[in-house]
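Atoms within each ligand, like the ligands themselves, are counted from 1 in listed order. Below, all heavy atoms of this structure are taken into account, side chains as well, without hydrogens, waters or symmetry copies.
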Amino acid sequence: MNNHRRTVLASALAASIAIATPLTAFAQKKIVVGFSQIGAESEWRTANTNSMKSAAAAAGIELKFSDAQQKQENQIKALRSFIAQKVDVIALTPVVESGWDTVLKEIKDAKIPLILMDRSVDSKDTSLYATHIGFDFVKQGEMAGQWLVERAKTMKGDINVVELQGTVGSAPAIDRKKGFEDAIKGNANIKIIRSQTGDFTRAKGKEVMEAFLKAEGKKINVLYAHNDDMAIGAIQAIEEAGLKPAKDILVISVDGVKGAFEAMIAGKLNVSVECSPLLGPLVMATAKDIVAGKTVARRIIGKDGVYPMETAAKEFPSRQY
Ligand code: AHR
């Protein structure tokens with residue numbers, strides 16, 4: 001056989017193999033991520049869910065989404081269903097810190113890598129998860145407290161603070177409380193006179209603030225809310241009580257959502273500590289790296305910062321959530 005004939009035959013053979021091989025064999029298998037979300041308690045949470053969904057779509061990842069409606073038992077059920085479905089990666093935002101060891105062990109035994117997103121667990125065995133992409137909630141509480149300590153330099157007498165805590169037993173409620181208390185320690189005139197959960201919601205924030213106002217009235221100088229939604233609810237209660245939020249009662253909160261920026265521009269909220277919910281792209285990139293067998297960082301910390309009302313109007317046009 002001459003060289004020309006050999007080349008023609010080889011090309012024909014290659015072409016026939018290409019035709020016979022189904023196209024799907026060349027397509028990469030789609031990564032499947034099971035995501036157990038807490039619920040939709042706040043503007044922050046909605047932005048976080050949207051970030052996860054849009055980032056998954058952009059990354060070509062199939063996202064199996066489960067809304068736990070604030071219940072740990074629903075999250076545990078969802079996690080077991082992800083194990084049964086043999087997803088490639090599980091992402092979990094734990095509503096509370098405790099009580100995860102058994103189900104996390106089941107995930108590990110099923111050899112499914114776990115990404116903790118936003119909130120953390122208090123499990124001693126850190127090998128139960130591949131990484132925690134979240135925040136330093138203690139630092140956020142400290143930043144809120146430091147803002148007050150600075151502001152207090154211009155105030156006279158006792159400064160009575162009421163605190164609206166997040167969901168009982170959740171990492172941000174525990175840590176933001178601690179951080180704030182650490183920051184005001186050493187300032188004997190700043191006192192937390194009431195502290196109660198508002199469950200991170202506007203409705204509960206308003207209800208609890210009404211009770212604080214009823215009990216303490218004009219004694220209250222400052223409201224520290226663990227998130228913007230509770231602060232926005234409380235602002236309504238303050239106004240309905242005939243007082244001026246951000247003037248008669250200073251209002252400090254955490255998250256930096258659009259609603260908080262609007263309240264700051266309206267002169268009703270003094271400061272919001274940022275906690276960016278836009279973790280989706282980072283979670284999806286990490287899921288891809290894990291599936292590809294790459295080593296990922298054990299702890300990745302999201303964006304934070306402090307936005308006082310004076311900067312709100314300038315910052316507002318560039319806010320993404
Ligand atoms: O875990 C993050 C917190 O949960 C946000 O501050 C709050 O708004 C949300 O509900």
S.K.: Show me which atoms of ligand 1 lie under 4.0 Å from any heavy atom of Asp118.
M.R.: 1 (O), 2 (C)
S.K.: Closer than 3.5 angstrom, by distance alone: can the side chain of Asp228 be matched with the main-chain N or O of Val257 as a donor-acceptor pair?
M.R.: yes
S.K.: Would you call Arg45-Asp118 a salt bridge at under 4.0 Å N-O?
M.R.: yes
S.K.: Any atoms of ligand 1 less than 4.0 Å from a non-hydrogen atom of Arg176? List them with their elements.
M.R.: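 It comes down to these atoms of ligand 1: 5 (C), 6 (O).
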S.K.: So which of Asn227, Thr167, Val257 gets nearest to atom 7 (C) of ligand 1, if we judge by its closest heavy atom?
M.R.: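 Among Asn227, Thr167, Val257, the closest heavy atom to atom 7 (C) of ligand 1 belongs to Asn227.
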S.K.: Please list the nearest protein heavy atom to atom 5 (C) of ligand 1 with its residue and the distance rounded to 0.1 Å.
M.R.: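 Going by distance alone, atom 5 (C) of ligand 1 is nearest to Asp255 OD1, 3.4 Å.
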S.K.: Is the positively charged end of Arg319 above the ring of Tyr321, judged by distance under 6.0 angstrom from the centroid and angle within 45° of the axis?
M.R.: yes
S.K.: Taking the side chain as every heavy atom from C-beta outward, state whether Met143 and Glu274 have any pair of such atoms under 4.5 Å apart.
M.R.: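 Sidechains of Glu274 and Met143: no contact.
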S.K.: Relative to ligand 1, is Gln140 under 4.0 angstrom through side chain, backbone, both or neither, heavy atoms considered?
M.R.: neither
S.K.: If we ignore angles and hydrogens, is there a donor and acceptor under 3.5 Å between the side chains of Arg202 and Gln236?
M.R.: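 The answer is no; no qualifying pair exists.
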S.K.: Of all the atoms in ligand 1, which lie at a distance below 4.0 Å from a heavy atom belonging to Glu41?
M.R.: 4 (O), 9 (C), 10 (O)
S.K.: Looking only at heavy atoms of Val254, does any of them come nearer than 4.0 Å to an atom of ligand 1?
M.R.: no
S.K.: Closer than 4.0 angstrom: is that true for some heavy atom of Asp229 and an atom of ligand 1?
M.R.: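 Checking ligand 1 against Asp229, which is what was asked, there is no heavy-atom contact under 4.0 Å.
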S.K.: Under 4.0 Å from a heavy atom of Ser42: give me the atoms of ligand 1 that qualify, with their elements.
M.R.: 7 (C), 8 (O), 9 (C), 10 (O)
S.K.: Are Glu210 and Lys214 within salt-bridge range, i.e. N to O under 4.0 Å?
M.R.: no
S.K.: Only heavy atoms of Pro172, strictly under 4.0 Å: list the atoms of ligand 1 that pass.
M.R.: 1 (O)
S.K.: Salt bridge or not for Lys105 and Asp101, using N-O below 4.0 Å?
M.R.: no
